[in-house]
Trainee: 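Next up is a structure, given as structure tokens.
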Amino acid sequence: MRISDTGDLWWKTAVVYCLDVQTFMDWDDDGMGDFVGLTERLDYLADLGVTCLWLMPFQPTADRDDGYDITDYYGVDPRLGSAGDFVELVRTARDRGMRVIADLVVNHTSDRHPWFRSARSSRTSPYRDFYIWRDDEPPDTSADVVFPDKEDSLWEYDDRTRAWYFHRFYRSQPDLNITNPLVRDEILKAMGYWLELGLSGFRVDAVPFVIETTGVDAEELARFHDPHAYLRELRSFVGRRTGDGILLGECNLPHKEQKKFFGGADGDELTMQFDFIAMQNLYLSLARGDARPLVRALEHRPAVDEQSQWATFVRNHDELTLDKLRPPERDEVFAAFGPEPTMQLYGRGLRRRLPPMLDGDPRRLRMVYSLLFSLPGTPVLFYGEEIGMGENLDIDGRLAVRTPMQWTAERNGGFSRARPSRLVRPVTQGAFGPEHVNVTDQRGDRESLHAFVKLLIKRYRESPELGWARFSVVDQPHRHVLAHECTLDDRRLVPVHNLAPTSCTVPVTLDGCDSSHHLVDLLHDDTEFALDDRGRAEVELDGYGYRWLRLMDQDSRRLR
Ligand code: NOJ
């Protein structure tokens with residue numbers, strides 16, 4: 001890797017920050033965040049070190065799934081601003097060194113989308129075949145629904161034309177019929193539109209469901225025999241239109257299956273995929289104070305093409321899904337981090353943010369974020385993680401973690417000057433509420449979580465080996481410690497993390513090193529470890545301690 005490669009394959013060392021415009025910053029004080037407010041906050045995000053914004057859906061919506069039910073692929077929800085405000089945001093972000101990607105929600109539309117309105121109005125509608133219909137009574141699909149609290153079938157009966165339509169998610173989100181070439185063309189056209197307005201790619205919602213063909217008949221299937229060819233088409237379209245745009249796919253699948261979505265050896269489908277398996281095993285490791293589940297998950301990650309990348313994350317806007325753990329493992333995580341039924345969702349996840357799950361323990365919290373930024377891959381933050389925001393369990397379902405951003409200790413956390421009753425969503429209360437957790441206080445405090453995350457981002461950006469190198473574990477005797485190594489050419493970094501509350505000393509041996517080398521801790525000033533003539537060092541760690549050790553030799557020209 002040449003350093004200039006990090007600019008070409010920018011996503012491999014990016015810092016992605018996910019936010020919803022409606023809960024980030026309300027500039028016109030109507031209680032709803034807006035594009036103007038977000039644009040005003042770009043300097044904050046640039047200062048934090050973010051390099052890529054991921055916008056949750058901002059198009060006109062029926063709002064039955066917080067925007068993931070779009071009624072117009074070419075519009076901007078008027079409550080958030082105009083298309084002009086969107087362009088101003090993208091342009092200003094670019095000036096501040098940030099790219100913008102956005103959710104691409106094309107598995108389904110809203111049932112209020114004009115296509116579906118037409119499709120359900122008559123069997124001869126030109127849009128009828130945009131969706132998936134059946135005339136006969138569907139089988140029991142209750143075990144396959146995604147939201148079992150609200151749905152018990154993948155099919156909904158529609159009186160008007162006396163037929164059932166297919167919906168993978170809520171019944172208000174009819175699935176588009178991907179076997180229809182007209183639908184596929186419409187998707188490309190919508191993508192082209194937003195790319196032309198400056199997006200650098202998309203977070204692709206629910207990818208496996210987008211290309212699934214459940215419910216279609218044999219004739220329809222015949223016109224879509226290679227679903228992955230369509231993903232290749234999307235990727236090359238983004239490449240053609242932008243040069244370096246990306247597709248960051250949501251595929252919560254076992255690693256082996258995820259490999260196919262990268263496009264196999266060619267790496268010509270999704271550019272990046274979230275690593276749900278590592279994320280779930282991270283929680284198991286945290287619950288047990290044992291690094292092995294996480295290590296196993298990382299070691300079993302399939303190798304991917306050089307242009308492809310894993311996206312790592314601790315939390316996102318949905319429930320913390322634990323669906324890929326075995327039931328007793330899931331129960332361990334529930335017991336450790338969400339024992340109350342009200343904290344759990346769908347029998348498989350937790351509707352909490354990380355700090356309350358860790359009882360606000362600052363050492364443990366920092367250790368987890370240090371781990372996130374040092375794991376191989378590209379870290380993705382969910383807004384407010386940098387200050388340690390909590391959830392509001394009084395809010396329904398997954399929305400508990402989507403409360404307004406906390407800018408100040410003032411009313412509404414400085415998110416809006418509207419009356420609290422007019423806010424899009426109530427702010428978090430209690431120990432994690434704005435009086436205790438907010439940007440303004442933390443920006444003025446060099447010891448804050450915000451300052452720490454900023455340091456992590458700076459060090460991560462200065463250490464491209466974290467995004468580029470293969471993962472390898474460094475042997476050491478403690479189960480509760482993860483020591484790993486990222487080596488690329490002459491760059492070598494050894495992050496060490498202690499998942500237990502007790503301090504320890506970690507003996508590490510680095511191949512090919514001797515006493516002419518030493519280790520510099522990038523997270524703690526003035527801390528160095530000498531190596532002996534066989535490349536051995538003794539690294540002390542506090543309880544929940546962490547270090548990023550950069551290997552230096554006498555000739556090294558890397559800056560501290
Ligand atoms: C996945 C999104 O993350 C989730 O929030 C949404 O409800 C479903 N896809 C349906 O779009």
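Start at 1 and go down the list; that is how both ligands and their atoms are numbered.
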Trainee: With a cut-off of 4.0 Å, which atoms of ligand 1 are near a heavy atom of R398?
Mentor: 4 (C), 5 (O), 6 (C), 7 (O)
Trainee: Is the closest heavy-atom distance from H108 to ligand 1 below 4.0 Å?
Mentor: yes
Trainee: Check ligand 1 against Y68 and write out every atom of the ligand that is under 4.0 Å from a heavy-atom position of the residue.
Mentor: 2 (C), 5 (O), 6 (C), 11 (O)
Trainee: Name the residue from L38, V21, L199 that meets the side chain to side chain contact (heavy atoms under 4.5 Å, CB included) definition with F86.
Mentor: L199
Trainee: Which atoms of ligand 1 have any heavy atom of H317 under 4.0 Å away?
Mentor: 2 (C), 3 (O), 5 (O)
Trainee: Between D66, D26, D394, which is the residue that forms a salt bridge (charged side-chain N to carboxylate O under 4.0 Å, His left out) with R425?
Mentor: D66
Trainee: Of all the atoms in ligand 1, which lie at a distance below 4.0 Å from a heavy atom belonging to R402?
Mentor: 5 (O)
Trainee: Apply salt bridge (Lys or Arg N to Asp or Glu O under 4.0 Å) to the pair R120 and D158, showing each step before the final yes or no.
Mentor: CA-CA 8 Å; R120 76 185 337 179; D158 201 38; 3.0 Å; yes
Trainee: Which residue holds the protein heavy atom closest to atom 7 (O) of ligand 1, what is that atom called, and what is the gap in Å?
Mentor: D65 OD2, 2.6 Å
Trainee: Per the side chain to side chain contact (heavy atoms under 4.5 Å, CB included) rule, which among D275, N252, L294, L320 passes with Q280?
Mentor: N252
Trainee: Step by step, work out the ring pair (Phe, Tyr, Trp, His ring centres under 6.0 Å) result for H317 and Y383.
Mentor: CA-CA 9 Å; H317 61 288; Y383 74 94; 9.9 Å; no
Trainee: Can you list the atoms of ligand 1 that are under 4.0 Å from a heavy atom of E250?
Mentor: 1 (C), 3 (O)
Trainee: With a cutoff of 4.0 Å, is M56 in contact with ligand 1, counting heavy atoms of the residue only?
Mentor: no
Trainee: Run the salt bridge (Lys or Arg N to Asp or Glu O under 4.0 Å) check on R223 and D129 step by step: do they pass?
Mentor: CA-CA 13 Å; R223 47 186 194 173; D129 189 33; 3.0 Å; yes
Trainee: To check your reading of the model: name the closest protein heavy atom to atom 3 (O) of ligand 1, its residue, and the distance in Å.
Mentor: D318 OD2, 2.5 Å
Trainee: Hey, are D65 and Q173 close enough side-chain-wise for a donor-acceptor pair under 3.5 Å?
Mentor: yes
Trainee: One residue to check: F147. Relative to ligand 1, which of side chain, backbone, both or neither has a non-hydrogen atom less than 4.0 Å away?
Mentor: side chain
Trainee: If we set the cut-off at 4.0 Å for heavy atoms, which region of R203 has an atom near ligand 1: side chain, backbone, both, or neither?
Mentor: side chain
Trainee: Begin with the C-alpha distance, continue with both residues' side-chain angles, and end with the deciding distance and a verdict on salt bridge (Lys or Arg N to Asp or Glu O under 4.0 Å) for D318 and R402.
Mentor: CA-CA 9 Å; D318 286 325; R402 305 185 197 176; 3.0 Å; yes
Trainee: I need the nearest protein heavy-atom contact for atom 11 (O) of ligand 1: residue, atom name and distance, please.
Mentor: D205 OD2, 2.7 Å
